[in-house]
Every structure is written in structure tokens, then in C-alpha cells.
Amino acid sequence: MSEPYVITIDGASGSGKGSLALRIARHLGFHLLDSGAIYRLAALQALRQKVDLNNEVAVVEVLQDFDIHFEEGEELSIPYLDDEDVSSQIRLESTGDAASIIAQYPAVRARLLERQQQCLRAPGLVADGRDMGTVVFPNAHIKFFLYASPEIRAQRRHKQLISMGISANIAQLQAEISDRDERDRNRSESPLLPAPDALVVDSSLLDLDQVTQLMISHIDEVTT
Ligand code: C5P
């Protein structure tokens, strides 16, 4: 039997990869892996257990007993930590920030690797994150890397948070995005970098429909 088809979409936060991954998964009838949600769930677990996020050993320790699952919602899948729906908590900037701190640790990444790879199911998977095409699914059939300027990403994030009823300040968001980019790009383990065989797409001046179209055209080209 042939392996399920894998499409990876990597990029910084606010590059649009989450919305694009959802659209492409729906278009193809594939499963979806939001790997950032897994890092955010791990961060929430660490925050709830009040461990020092700067202590790699302590963070890995609380992940020994890490009970998460996802359930299909109307729009997106709903993340559960210890059987509690934590959709809003994991989307907070403070959780994203904590996620990017613990995501620097090799032992944390190793702990979460298999959990991500287990999401691979027929007929295929669209996986979004930072290292989907480089580490988690290095043999993916199609790889994308999304780029967008920090200013545009801060504006998009602001709009997204407001629509979720979470108040936010654009200047502060941009500063947080830059800090997080810096950490994601400069860590030694799985830094935010395009895979050599990824198609790099700059979405700064394109809207969601235009990027979706561009990506679907590329998928059609490769698969026909
Ligand atoms: O994509 P999202 O903003 O939800 O991810 C939260 C954080 O989790 C990122 O800033 C990044 O540090 C980390 N992450 C990661 N590798 C992934 C997905 C997310 O390091 N594959």
C-alpha cells in the first residue's frame, strides 16, 4: 500500500499558514496537523504546573504525563488538555510566547515528535508548523515555506485576536512577533528555516484567496 500523501506548510506565526493549511486540507479531503497547537498545549501544561520555563529538565518532566487529544469542531479541531477544552487558553499570546520558549529545548521537541508523526493518516495530511518539512516529515511530497513581513503579520494577528474577542495592541504584538521570530530562527534545534526543496511563498502582498490559489496550482502541477 502506498504511503499517505504529505504536504507541509512551514512559516513564522502570522504568515497565514494555519488558515492556508485548513483550506488546502479541505480542498484535498486530507487530515490536518496544527503542530503549533501541540507546542501550545505543552506550554499550557507547563504553565499550569507552574514550572520554571527556563528549566528544560523540569519542563520535560511535566510532559511525561501529557494527556491531549483533538476533536473535530465545526470549523477547526478542538484541543483538549486533560479532557478540558482549552481552545481559548492556547491562543493567548502568553501561551504562544511560553510555547516558543519551551520549543527551543531538544528534549521537548523529541518528546513531541512522535505525537506529531502519529497524525499521518490516509489519504493524506497537511501539516503546518516550523519544522514540518525539515524534521517531522522530511520525505513530504510537497513542501511550502510561507514568508510575510513582521508588520503585516502583526496586523493579521491583531485582526484574528479581535475577532476572537481577545483585546490586543498592534505595536506590542509586533514586538512579541519579532521576539518570537528571533527565538524560532536562532535556536539550534529545528530552527525556522525553509527545507531546501520547499517552495517559498511571500504572502505579504497577497490575500488569502490569492495564496490559496497559488498553492493549489503548485499542488496540481506536481500531482498531474
Ligand atoms: O504556530 P504557533 O504560533 O501556534 O506556534 C507556537 C510556537 O510553537 C512557535 O512560536 C514555535 O516556537 C513553536 N513551534 C515549533 N515548531 C512547530 C510548531 C510550533 O517550534 N512545528
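One-based numbering, in listed order, for ligands and for the atoms of each. Atoms considered below: every heavy atom in the structure, side chains included; atoms not considered: hydrogens, waters and symmetry mates.
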From the list V126, T212, L28, V211, side-chain contact (heavy atoms from CB on, under 4.5 Å) partner of R23 resolves to T212
For ligand 1, indicate whether the residue A103 contacts it via side chain, backbone, both or neither (heavy-atom separation under 4.0 Å). side chain
Kindly indicate whether the side chain of Q116, heavy atoms from C-beta on, has any atom under 4.5 Å from the side chain of M132. yes
Counting each atom of ligand 1 from 1 as listed, which ones have a heavy atom of D184 under 4.0 Å away? 9 (C), 10 (O), 11 (C), 12 (O)
Please determine if Y39 has a nitrogen or oxygen closer than 3.5 Å to a nitrogen or oxygen of ligand 1. no
Are any non-hydrogen side-chain atoms of Y147 and S15 less than 4.5 angstrom apart? no
Going by distance only, is there an N or O of R130 that falls short of 3.5 Å from an N or O of ligand 1? yes
Quick one: nearest non-hydrogen protein atom to atom 10 (O) of ligand 1, plus distance? R180 CD, 2.8 Å
Parallel, tilted or perpendicular: rings of H218 and F144 (30°, 60°): perpendicular
Below 4.0 Å, non-hydrogen atoms only: which portion of R187 touches ligand 1? Side chain, backbone, both or neither. side chain
Among protein heavy atoms, which lies nearest atom 3 (O) of ligand 1, and at what distance? R40 NH2, 3.0 Å
Does ligand 1 have an atom under 4.0 Å from some heavy atom of K17? yes
Minimum distance, heavy atoms only, to atom 5 (O) of ligand 1: which one of S35, G129, G36 is it? G36
With a heavy-atom distance limit of 4.0 Å, tell me whether R109 approaches ligand 1 through its side chain, its backbone, both, or neither. side chain
Nearest heavy-atom contact between T95 and Q89 is OG1-O, 2.7 Å
Ligand-residue contact atoms, ligand 1 with M132, heavy atoms, under 4.0 Å: 21 (N)
Determine whether Q45 and R48 satisfy the following criterion, side chain to side chain donor-acceptor pair (under 3.5 Å), listing intermediate values before the conclusion. CA-CA 5 Å; Q45 165 106 333; R48 286 187 168 179; over 6 Å; no
Among protein heavy atoms, which lies nearest atom 7 (C) of ligand 1, and at what distance? A99 CB, 3.8 Å
Contact check, side chains of F70 and L41, non-hydrogen atoms, under 4.5 Å: yes
Less than 4.5 Å apart, side chain to side chain, heavy atoms only: is that true for N139 and V6? no
